[in-house]
Protein chains: 2
Amino acid sequence: MTNNLKVERARHNMTQADLAEAIGVSRQSINAMEKNKYVPSTVLALKLSRLFKKPVEELFQLEAGD
Amino acid sequence: MTNNLKVERARHNMTQADLAEAIGVSRQSINAMEKNKYVPSTVLALKLSRLFKKPVEELFQLEAGD
DNA sequence: TCTAAATGTAAAGTTTATTTTACATTTGAT
DNA sequence: ATCAAATGTAAAATAAACTTTACATTTAGA
């Protein structure tokens with residue numbers, strides 16, 4: 001799975017710390033997500049979707065193997 | 001978070017076992033998801049979305065506390 | 001009613017998400 | 001060039017996802 005978090009965050013002028021606080025996770029979690037270190041939960045995806053006002057599918061995309 | 005998996009599954013005439021196989025998890029995982037025993041990963045949400053041809057937001061919804 | 005399929009549930013185990021702390025590197029502004 | 005903010009990263013700890021096995025209950029059809 002890939003994601004556009006970095007772009008959306010830039011769009012909204014938010015730091016990783018800002019975003020972390022906004023959705024209630026640690027800054028390291030945001031960093032790891034952006035670097036595709038792990039797959040976040042659906043609750044996080046929905047919270048990001050709500051915050052950025054974009055469908056989950058626009059923020060996260062399945063890849064070939066998935 | 002809540003979800004409509006049971007309804008979508010009925011729409012598609014699939015058993016929990018069918019759905020489990022279709023998206024590559026155990027039947028117990030599907031059962032637990034439907035009964036809100038845990039929050040699935042975003043990869044699973046996207047796979048369910050793809051299978052049922054419905055946006056993630058239509059399958060999963062944040063609740064008051066989230 | 002009998003039976004099989006489907007669903008519910010539970011415990012133990014494995015893997016992965018997420019946190020905390022801590023530090024190193026990069027970037028941007030002065 | 002310097003300083004602070006932002007980002008990258010890492011290790012250890014905890015929480016939660018997910019699996020496997022196994023069995024009990026419900027449901028629908030013959």
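Naming convention: chains lettered A, B, ... in sequence-line order (proteins, then strands); numbering from 1 in each chain.
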Original post:
Roughly how far, to the nearest 0.5 Å, is CG of A:Leu44 from OG of B:Ser41?
Top reply: 11.5 Å
Original post:
B:Leu19 versus B:Leu51: any side-chain heavy-atom pair under 4.5 Å?
Top reply: yes
**OP:** Only counting residues at least two apart or in another chain, list the ones meeting salt bridge (Lys or Arg N to Asp or Glu O under 4.0 Å) with A:Glu21.
**Re:** none
Subject >> Whole-Å distance separating the CG atom of B:Leu5 from the P atom of C:dG8 >> reply: 12 Å
Original post:
Rounding to a whole Å, what distance do you find between B:Lys6:NZ and C:dT7:C1'?
Top reply: 9 Å
Subject >> B:Lys6: partners by side-chain contact (heavy atoms from CB on, under 4.5 Å), with sequence neighbours left out >> reply: B:Arg9, B:Glu34
Subject >> Set of residues satisfying side-chain contact (heavy atoms from CB on, under 4.5 Å) with respect to A:Lys35, sequence neighbours excluded >> reply: A:Asn31, A:Lys37
Subject >> Partners passing side-chain hydrogen bond (donor to acceptor under 3.5 Å, both in side chains) against B:Arg11 (at least two apart in sequence or in another chain) >> reply: B:Glu8
**OP:** Return the value, rounded to whole Å, for the distance between atom NZ of A:Lys35 and atom P of D:dA6.
**Re:** 18 Å
Original post:
Could you state the CG-P distance from B:Leu19 to C:dG8, rounded to the nearest angstrom?
Top reply: 13 Å
**OP:** Using only side-chain N and O atoms of B:Asn31, determine if any of them is under 4.0 Å from OP1 or OP2 of C:dT7.
**Re:** no
Subject >> Estimated bend of the helix from C:dT1-D:dA30 to C:dT30-D:dA1 (axis per five terminal pairs, rounded to 10 degrees) >> reply: 60°
**OP:** Return each pair, listed once, that meets ring-ring contact (aromatic ring centres under 6.0 Å, His included) where at least one residue sits in residues 16-66 of chain B; pairs must be two or more places apart or across chains.
**Re:** B:His12-B:Phe52
**OP:** Give a yes or no answer on whether the side chain of A:Asn3 reaches the backbone of A:Leu59 with a donor-acceptor pair at less than 3.5 Å.
**Re:** no
**OP:** Output all residues satisfying side-chain contact (heavy atoms from CB on, under 4.5 Å) with B:Gln61, sequence neighbours left out; order by chain, then residue number.
**Re:** B:Thr2, B:Asn4
Original post:
What are the residues of residues 48-64 of chain B, sorted by number, that bring a heavy atom to within less than 4.0 Å of DNA chain C?
Top reply: none
Subject >> For DNA chain C, the residues among residues 9-17 of chain B that have a non-hydrogen atom under 4.0 Å from it >> reply: B:Arg9, B:Thr15, B:Gln16
Original post:
Excluding sequence neighbours, so at least two apart, what forms side-chain contact (heavy atoms from CB on, under 4.5 Å) with B:Glu57?
Top reply: A:Leu46, A:Ser49, A:Pro55, A:Val56, A:Glu57, B:Pro55
Original post:
How long is the gap from OG1 on B:Thr42 to CG on A:Asp66, to the nearest 0.5 Å?
Top reply: 11.5 Å
Subject >> Test item: A:Gln16 side-chain N/O and A:Ile30 main-chain N/O as donor-acceptor pair under 3.5 Å >> reply: no
Original post:
Which letter, B, S or -, goes with each nucleotide of nucleotides 17-30 of chain D from 5' to 3', with contact meaning a protein heavy atom under 4.0 Å?
Top reply: SSBBBB--------
Subject >> side-chain hydrogen bond (donor to acceptor under 3.5 Å, both in side chains) partners for A:Asp18, two or more places apart >> reply: A:Thr15
**OP:** Using atom CD1 of A:Ile23 as one end and atom C1' of C:dT19 as the other, report the distance to the nearest whole Å.
**Re:** 14 Å
